[in-house]
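Numbers restart at 1 for each chain; the letters A, B, ... are given by sequence-line order, proteins then strands.
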There are 2 protein chains.
Amino acid sequence: MRMSQGVEWGLHCCVALGWIGQGEVISTAKLAAKFGLPAAYLNKSLQALARAGVLVSSAGPRGGFRLARAPSKITLLEVVDAIEGPEAAFRCTEIRRTGDGASPASECKRPCAVAAAMRQAEVAWRNELSKQTIATVMASAPQAAADRAVQWFEITRSATPTSAAVS
Amino acid sequence: MRMSQGVEWGLHCCVALGWIGQGEVISTAKLAAKFGLPAAYLNKSLQALARAGVLVSSAGPRGGFRLARAPSKITLLEVVDAIEGPEAAFRCTEIRRTGDGASPASECKRPCAVAAAMRQAEVAWRNELSKQTIATVMASAPQAAADRAVQWFEITRSATPTSAAVS
DNA sequence: GACCGATTACTCGGATATGTCGTGTCCGAGTTCTACCGG
DNA sequence: CCGGTAGAACTCGGACACGACATATCCGAGTAATCGGTC
């Protein structure tokens, strides 16, 4: 049971976008450069977040991604579901109904006890994720990191991306 | 984030072993036949449970697996960890320290906020799993299923596995 | 100087290869039951 | 009739292929800024 790497990347990017400001746009290339990630693959995760309504994408020069709403209105559950997919980690294949000792359909009106127990634990997990938001994570991170991120993005913005000034 | 199929199989097998009785032994072949599963692969999962101390294995004719202790003393977390491995689903790769905008080591004394948040949710999940035991699941399943399982295993035990009686 | 249009460069977006882990299968080592032989 | 011994069959246990998903990458469609020309 390994979670996709994209979740970590997506969360860090959302936090960075929150620090920059809700209305500000950052391109995939900038985010990838900041964290040292493969830009093309990071783009894939950000696309998923845009499809889910967490981010908003804009094309062309000065384009990129921005938060769709305030950081306090974006839960971690949304980010995880957007990248990992909404399907539960534990999937019941109804083995109680298969094989020689299969239970008749009359006994299978309610979900099997094993699946119910696993689902209960997963609900607790999802509930905990829905309690925390991007704003919560931003608050628990050191202020110095936030300042550093804002400053770094400011610098890269002023620098012309096409060619470094020769002066 | 998909959980291994073996978790479902292992849980169902533990519940079945609990119904039969703590001291009773059932072979992999019998369990596989009851649930309609590939015996060789199911054996792999049961081996993992035996290594973790959840089950006890015995070789030779009349051999197989039995519960290592009372069903009320076996938590779902033990079963999940035995098969899935103890590593957490979310793994922090410390991307805050990599790339152009990397944070200095002085800021990384405590775990990064993203990892802490994800870990908190995962702790809630594991906590819920550790609350429930095989006995809990046994109690929430329909009694008819338990009776059916006990009866089915009794029948297959009396039948000689080598050759069916011709009479 | 201001407006308009074509160009250009940069962005996202999806389609395309590759690596790793879960899935499935096989055969060998060990142990217990059984049947046979001898006393 | 009882004990010992050799055989056989059944069990677990780990080593060996296959397939699916996550990972990684590339190229094309679209858009906004820019530059040049014209009024």
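- Rounded to an integer number of Å, the gap from CG of A:L37 to P of D:dA22 is 18 Å.
- The backbone N or O of B:F35 lies less than 3.5 Å from a partner atom in the side chain of A:T98, making a donor-acceptor pair.
- With pairs defined as Watson-Crick or G-U wobble and both atom distances under 3.5 Å, the stems of at least three pairs that touch DNA chain D come out as C:1-39 with D:1-39.
- The CD atom of A:Q5 sits 7 Å away from the P atom of D:dA24 (whole-angstrom rounding).
- Map A:S57 and A:R2 each onto its nearest nucleotide of DNA chain C; the residue landing nearer the 5' end is A:S57.
- At least one side-chain nitrogen or oxygen of B:S4 sits closer than 4.0 Å to the OP1 or OP2 atom of C:dT23.
- Side-chain nitrogen and oxygen atoms of B:S27 include none within less than 4.0 Å of the OP1 or OP2 phosphate oxygen of D:dC12.
- Rounded to a whole Å, the OH atom of B:Y41 is 17 Å from the C1' atom of D:dC12.
- Nearest-nucleotide mapping onto DNA chain D: of A:A40 and A:R62, the residue sitting toward the 5' end is A:A40.
- The residue among B:T28 and B:R91 whose nearest nucleotide of DNA chain D lies closer to the 5′ end is B:T28.
- OP1 or OP2 of C:dG14 sits under 4.0 Å from a side-chain N or O of A:R51.
- In this entry the distance linking CD1 of B:I83 with P of C:dC21 reads 19 Å, nearest Å.
- Listed by first then second residue, pairs satisfying side-chain hydrogen bond (donor to acceptor under 3.5 Å, both in side chains) with a partner in residues 78-89 of chain A read A:R69-A:E78, A:T75-A:E78, A:D81-A:R126, not counting sequence neighbours.
- For A:F65, taking side-chain heavy atoms from C-beta onward, the closest of the listed nucleotides C:dT31, C:dC12, D:dG14 is C:dC12.
- A salt bridge links B:E94 with B:R97; the closest basic N to acidic carboxylate O contact falls under 4.0 Å.
- One interatomic measurement links the two molecules: CD of B:E84 to C1' of C:dT23, which rounds to 13 Å at whole-angstrom precision.
- Side-chain contact between A:E128 and B:E122 is absent, with no heavy atoms from C-beta onward closer than 4.5 Å.
- Pairs of residues two or more places apart, or lying in two chains, that qualify as side-chain hydrogen bond (donor to acceptor under 3.5 Å, both in side chains) and include a residue from residues 18-27 of chain B are B:E24-B:R157.
- Proximity of B:Q47 to the phosphate of D:dG14: a side-chain N or O atom is located under 4.0 Å from OP1 or OP2.
- The pair B:R148-A:E107 counts as a salt bridge, with a side-chain nitrogen and a carboxylate oxygen less than 4.0 angstrom apart.
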